[in-house]
Amino acid sequence: MKKKLKIGVISCSIMAQVHMQAVMDNPNTELAMLCDLNETLLHEAAEKFGVEKTAVDYRDVLNDPGIDAVIIVTPDQTHREITLAALAAKKHVLCEKPLAPTPKQTVELFEAAKEKGVFLMEAYAYLHSPFVTALKKEIEEGTIGEIRYIESQFLTSYYDKSNIRLHKENYGGAVYDLGCYNTSMLLKLLEDMPSRVKAMAQYDENGVDVYTAALLNYENDVRASITCGMIFEKDKPHRYDRLYIHGTKGDIKSDTEFNQEGNASYTLIIEGKEQIRNVYCPHNYQLEIEQLGRCIIEGEPPVVTADFSIKNAKILDAILQEIGYFESNVM
C-alpha cells in the first residue's frame, strides 16, 4: 500500500476548505489536522470534514510529528512567517500566493526549504489545469507561429472596506490579489522575463491599487499587457477574464476564467478562420494536491517550480515599484 501524506491545513476559511476537500478527494493524501484562530470556524470545519486533530496555534501543527506537510491559506502578510516556521520544523509546504511580498524573501524561502531538505511550492492551482497545458502545446507546436503580443485581463467586483483585499497591511490591492495571475500566465506561456516594465494604477483611500495596467517589453519584439482591478459594482459576483495571444501565423483568444472547472474553450484563428478548441478541466485544486503528493512521495518535478515563483515575484515587484505601491498612502 502506498504511503499517504498526512496534511495539516492552516486556516479554515472558505478558500482553505476548497483545499481540504481536494486533500480528502485524493488517494495519496490524508486530511490529518486543522488550525484556525477562530475556534467556532475551526470546530465547524473539523466536524464537516471529520477531522479529530485541531489547533488554534499553527505552531501546534508544526510540532506534531504525525504531520508530513502543511497547506497555508492564511492572510497574505502571514505567508512568509508561517512558511519559514514550517520549513524550520521540516514540514513540506504548499502556500497560497503570494509566497512572500518581495523577490528577495521568496528566494530566502526556497533556500530555507533546500537547507532543510523539504518541499516547498507556491499554490497556483490554475497552472495545473489541462487548459493551460493545451495553450502551451499550441505555442510549442508553432500553431500560431512566433508570439508577438499577449494580453491578459482579470477584473472583479469592488469589495466592502472591511475586506482584507483592500488593506495595505495585508498586501491588499489588485496586483497582489489578481495581477499575479496575469503575470504568472505570461511567464508560463513566454518562459521569459520582460526587459522593461511600465505601469500605472488607481488607488483608493486605503492606499491600495484597485486598478492597475502594465506594459511589458521582451526581447525579439515581443510585447505584453496586463490589466487587473476591482472595479465592478461592490460585492456583486461579477468578474472578467480575458486572454489574447497574437502570433506570426495566427491568434488565440479566450474568456475562460482562471481556475475554471468543467468545460473550457479557446478560439484558434488561422488565416481568418476560427476553430473552437474545447478542453475538459477537472478541479484544479485537486490536480494541485495530487501533484503535491507525487512531488513529495515520488520526487516528481513540480509544475510551479522555485525558479518560476522567483521570476514571477520579480515581475510583480517591477510592476509594484512602477506604480509606487510601497510608497503610497492615498492617491
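- Of the possible polar contacts, one joining the His92 side chain to the Phe119 backbone as a donor-acceptor pair under 3.5 Å is found.
- Linking Ile, Leu, Val, Met, Phe, Trp and Tyr residues whenever their side-chain heavy atoms come within less than 4.5 Å leaves Leu62 and Val9 in two separate clusters.
- The salt bridge (Lys or Arg N to Asp or Glu O under 4.0 Å) test applied to Glu169 returns no partner, not counting sequence neighbours.
- Without hydrogens or angle criteria, Lys97 side chain to Asp177 main chain gives a donor-acceptor distance under 3.5 Å.
- Surrounding NZ of Lys104 are at most 12 heavy atoms belonging to other residues, nucleotides or ligands under 6.0 Å away.
- Under the rule for a salt bridge (Lys or Arg N to Asp or Glu O under 4.0 Å), Glu30 has no partner lying at least two apart in sequence or in another chain.
- What you find for Ala112 and Leu84 is that their closest heavy atoms are CB-CD2, 4.2 Å.
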Please assess Tyr240 against Glu257 for the test side-chain hydrogen bond (donor to acceptor under 3.5 Å, both in side chains), listing each intermediate value before the final yes or no. CA-CA 8 Å; Tyr240 177 72; Glu257 293 185 358; over 6 Å; no
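- For the 3.5 Å distance criterion, the side chains of Asn284 and Glu288 fail to qualify, holding no donor opposite an acceptor.
- For the residue pair Asp209/Tyr325, the side-chain donor-acceptor check at 3.5 Å is not satisfied.
- The cationic group of Arg165 lies under 6.0 Å from the six-membered ring centre of Tyr159 and within 45° of the ring axis, placing it in a cation-pi geometry.
- Side chain of Asn38 to main chain of Leu41: a donor-acceptor pair is present (N/O by atom type, distance under 3.5 Å, no hydrogens or angles).
- Under the 3.5 Å distance criterion, the side-chain polar atoms of Asn63 are matched with a main-chain donor or acceptor of Arg59.
- Judged by distance alone, the side chains of Asn217 and Ser195 never bring a donor and an acceptor atom under 3.5 Å apart.
- Using a 3.5 Å distance cut-off with no hydrogens or angles, the side chains of Tyr58 and Glu81 do pair a donor with an acceptor.
- To the nearest 0.5 Å, atom CG of residue Leu135 and atom CE of residue Met185 are 6.0 Å apart.
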From CA spacing to verdict: side-chain hydrogen bond (donor to acceptor under 3.5 Å, both in side chains), Tyr126, Ser184: CA-CA 10 Å; Tyr126 90 92; Ser184 59; 2.7 Å; yes
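- Shortest non-hydrogen contact noted between His128 and Val304 is NE2-CG2, 4.3 Å.
- Between Glu274 and Lys253 a salt bridge is recorded (basic side-chain N to carboxylate O distance below 4.0 Å).
- When all heavy atoms of His167 and Val208 are compared, the closest pair comes out as C-CG1, 3.9 Å.
- For Phe258 and Phe154, the gap between ring centers is short of 6.0 Å.
- Side-chain atoms of Thr227 and Tyr211 include no donor-acceptor pair closer than 3.5 Å.
- Ring orientation note: the planes of Tyr181 and Tyr124 are nearly perpendicular, at an angle over 60° on the 30°/60° scale.
- The environment of CD in Gln321 is crowded: more than 12 heavy-atom neighbours from other residues, nucleotides or ligands sit within 6.0 Å.
- In the displayed structure, Ile164 atom CD1 is contacted under 6.0 Å by more than 12 heavy atoms of other residues, nucleotides or ligands.
- Classified by interplanar angle (parallel below 30°, tilted 30° to 60°, perpendicular above 60°), the ring pair Tyr149/Tyr244 is tilted.
- Using bins of under 30°, 30° to 60° and over 60° for the plane-to-plane angle, the ring pair Tyr176/Tyr171 lands in the tilted bin.
- Note: His19 and Tyr285 have perpendicular aromatic rings, judged against thresholds of 30 and 60 degrees for the angle between ring planes.
- What you find for Glu322 and Ala199 is that their closest heavy atoms are OE1-N, 3.2 Å.
- Nearest heavy-atom pair, Val61 versus Lys91, reported as atom, atom and distance to 0.1 Å: O-CE, 4.1 Å.
- The number of heavy atoms from other shown groups lying within 6.0 Å of CE (Met200) does not exceed 12.
- For the residue pair Thr143/Glu138, the side-chain donor-acceptor check at 3.5 Å is satisfied.
- Tyr158 and Asp204 share a donor-acceptor pair across their side chains, judged by distance under 3.5 Å alone.
- In Asp160, the CG atom is crowded: over 12 heavy atoms of neighbouring residues, nucleotides or ligands sit closer than 6.0 Å.
- With a 6.0 Å radius and a threshold of 12 heavy atoms from other residues, nucleotides or ligands, Glu233 has its CD atom at or below the threshold.
- Rounding to the nearest 0.5 Å gives a distance of 4.5 Å between CD1 of Ile252 and CD1 of Ile245.
- Using a distance-only test at 3.5 Å, with no hydrogens or angles considered, a donor-acceptor pair links the side chain of Thr256 to the main chain of Ser265.
- The two residues Ala55 and Met33 have their closest heavy-atom pair at CB-CE, 3.8 Å.
- Considering only residues two or more places apart in sequence or on other chains, Lys136 meets the salt bridge (Lys or Arg N to Asp or Glu O under 4.0 Å) condition with Glu191.
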